[in-house]
Engineer: 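Once you've had a glance at the structure underneath, I'll fire off some questions.
Any value given below was found using the heavy atoms of this structure, including those in side chains, with hydrogens, waters and symmetry copies removed. Note that ligands are numbered from 1 as they come in the structure, with each ligand's atoms numbered from 1 the same way.
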Amino acid sequence: MTADTALDPQTIATAARLIADRQRLLVLTGAGISAESGIPTFRQAQTGLWARYAPEDLATPEAFAAHPERVWSWYQWRRTLIARGGINAGHRAIAGFEPRFEVTVATQNVDGLHAAAGSTRVAELHGSIWRERCSRCDTTLEVPVAEPADETPGYCAVCGAMSRPDVVWFGERLPAQAVETADAALARAEAVIVVGTSNRVYPAAALVDAAVASSAPVIEINPEATPVSGTVDCRLAATASTALPAIANALDGASAGRYDQ
Ligand code: APR
């Protein structure tokens with residue numbers, strides 16, 4: 001059954017009912033959940049200086065090898081957007097599920113906003129923009145969540161080679177630990193919420209396909225349809241920051257206003 005609608009009370013009630021009596025919840029997120037923090041999604045046209053580039057032209061080992069300063073500037077720009085935007089009601093609602101559910105968040109985002117909102121079990125499938133890795137000896141360094149002072153690349157304190165953002169670029173393998181955490185959570189999940197992803201980029205999208213093929217009910221939250229929209233149990237054609245608090249409030253029955261709307 002697929003309810004294809006936005007925030008009508010009936011669909012919210014259906015979504016809440018699908019998860020209310022479950023214990024283990026897997027939340028699969030993509031760039032859309034951070035869109036309302038002012039962070040452009042990958043399929044949105046980039047703005048300003050970056051308008052002439054597609055992420056696919058910047059988030060690759062080849063781009064970094066050919067134009068390291070340009071790639072670094074792009075990531076510094078994105079760090080600034082994240083530091084300025086911060087968490088939104090969607091991130092907070094997912095973190096707020098934790099007292100009630102055992103929640104695992106498997107995210108394609110590198111912005112760190114789920115952990116910043118209080119989610120305690122987050123698998124970062126595409127790494128973190130707040131971590132740097134030496135391009136030669138793999139030494140890693142956590143960097144503070146702040147607007148970068150400048151755009152110059154960092155250099156490894158151990159071997160002196162240029163650092164790179166510790167994120168997964170196109171064509172690179174996903175971090176084994178994050179994939180293992182996500183796979184284990186999916187195997188145990190009693191319900192799955194898929195929010196803010198176009199479900200087009202593999203292997204992360206394979207998690208969504210597996211969720212839909214599993215016995216666990218799947219709820220999709222996305223203003224636009226995606227390849228799985230016709231196969232999920234409940235679809236909310238709505239934004240993350242409106243649908244997730246509404247589902248949370250429906251779970252709690254009368255306790256309206258527990259989450260920012
Ligand atoms: N709430 C929920 N969903 C939203 C919102 C919102 N406010 N705004 C946009 N969306 C949806 C869009 O409709 C789109 O389907 O979020 C999705 C974002 O899709 P993408 O830009 O493709 O981002 P994502 O699915 O995370 O991309 C996957 O591709 O470029 C690589 O590594 C990069 O992690 C990224 C991966």
Engineer: Evaluate I82 against W130 for side chain to side chain contact (heavy atoms under 4.5 Å, CB included), listing each step before the verdict.
Structural biologist: CA-CA 10 Å; I82 296 164; W130 300 111; 3.8 Å; yes

Engineer: Relative to the ring of Y75, is the ring of W169 parallel (under 30°), tilted (30 to 60°) or perpendicular (over 60°)?
Structural biologist: tilted

Engineer: Considering P40, A31, S198, A205 one by one, which has a heavy atom nearer to atom 22 (O) of ligand 1 than any of the others?
Structural biologist: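 That would be S198.
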
Engineer: Please determine whether any non-hydrogen atom of N222 lies less than 4.0 Å from an atom of ligand 1.
Structural biologist: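 A heavy atom of N222 does come that close to ligand 1.
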
Engineer: List every atom of ligand 1 that sits less than 4.0 Å from any heavy atom of E224, numbering the atoms from 1 in the order shown and giving each element.
Structural biologist: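 Listed by number with element: 13 (O).
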
Engineer: With side-chain hydrogen bond (donor to acceptor under 3.5 Å, both in side chains) as the test, would you mind laying out the steps for T104 and R121 before giving the verdict?
Structural biologist: CA-CA 5 Å; T104 300; R121 197 196 335 264; 3.1 Å; yes

Engineer: When you check the side-chain N and O atoms of T140 and E132, is any donor under 3.5 Å from an acceptor?
Structural biologist: no

Engineer: With atoms numbered from 1 as shown, which atoms in ligand 1 lie under 4.0 angstrom from a non-hydrogen atom of G30?
Structural biologist: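 Selected atoms, number and element: 26 (O).
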
Engineer: What protein heavy atom is closest to atom 34 (O) of ligand 1, reported as residue, atom name and distance in Å?
Structural biologist: H126 ND1, 2.9 Å

Engineer: I'd like to check V228 versus V194 (side-chain heavy atoms, cut-off strictly below 4.5 Å). Are they in contact?
Structural biologist: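 Not touching, per the 4.5 Å side-chain cut-off.
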
Engineer: Answer with yes or no whether the hydrophobic clustering places L125 together with F170; edges join I, L, V, M, F, W, Y residues whose side-chain heavy atoms lie under 4.5 Å apart.
Structural biologist: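 L125 and F170: separate clusters.
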
Engineer: Distance from R84 atom CZ to S37 atom OG, nearest 0.5 Å?
Structural biologist: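 Rounded to the nearest 0.5 Å, the CZ-OG separation comes out at 14.0 Å.
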
Engineer: With heavy atoms under 4.0 Å as the rule, classify the contact between V201 and ligand 1 as side chain, backbone, both or neither.
Structural biologist: side chain

Engineer: Please report which non-hydrogen protein atom sits nearest to atom 7 (N) of ligand 1, along with the residue it belongs to and the distance in Å to one decimal place.
Structural biologist: E36 OE1, 2.9 Å

Engineer: May I ask whether R200 has any heavy atom positioned less than 4.0 angstrom from an atom of ligand 1?
Structural biologist: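 Not so, R200 does not reach ligand 1.
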
Engineer: Among A54, G32, S241, which one has a heavy atom closest to atom 5 (C) of ligand 1?
Structural biologist: G32

Engineer: Indicate yes or no: at least one non-hydrogen side-chain atom of V168 is less than 4.5 angstrom from one of P175.
Structural biologist: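 Answer yes - side chains close enough.
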
Engineer: To the nearest 0.1 Å, how far is atom 18 (C) of ligand 1 from its closest protein heavy atom, and which atom is that?
Structural biologist: G196 O, 3.6 Å

Engineer: Look at R235 together with E220 and state whether they make a salt bridge at an N to O cut-off of under 4.0 Å.
Structural biologist: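 Salt bridge flag = yes for E220 with R235.
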
Engineer: What protein heavy atom lies closest to atom 28 (C) of ligand 1? Include the residue and the distance to one decimal.
Structural biologist: Q108 OE1, 2.9 Å

Engineer: Name the closest protein heavy atom to atom 1 (N) of ligand 1, giving the residue it belongs to and the distance to 0.1 Å.
Structural biologist: A240 N, 2.9 Å

Engineer: At a 4.0 Å threshold, what atoms of ligand 1 neighbour a non-hydrogen atom of A35?
Structural biologist: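 Here the atoms of ligand 1 in question are 8 (N).
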
Engineer: Which ligand 1 atoms are under 4.0 Å away from a heavy-atom of F170?
Structural biologist: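 Contacts of ligand 1 toward F170, numbered from 1: 30 (O), 31 (C).
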
Engineer: Please report the C-alpha distance between L113 and S34 in whole Å, then the side-chain angles of each, then the deciding distance to 0.1 Å, and finally whether the side chain to side chain contact (heavy atoms under 4.5 Å, CB included) criterion is met.
Structural biologist: CA-CA 8 Å; L113 293 178; S34 297; 3.8 Å; yes

Engineer: Purely on distance, is any nitrogen or oxygen of T197 under 3.5 Å from one on ligand 1?
Structural biologist: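 In this structure, T197 places an N or O atom under 3.5 Å from an N or O of ligand 1.
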
Engineer: My understanding is that we take every heavy atom of each candidate and find the minimum distance to atom 4 (C) of ligand 1. Doing that for P223, A204, G127, which one comes out nearest?
Structural biologist: P223

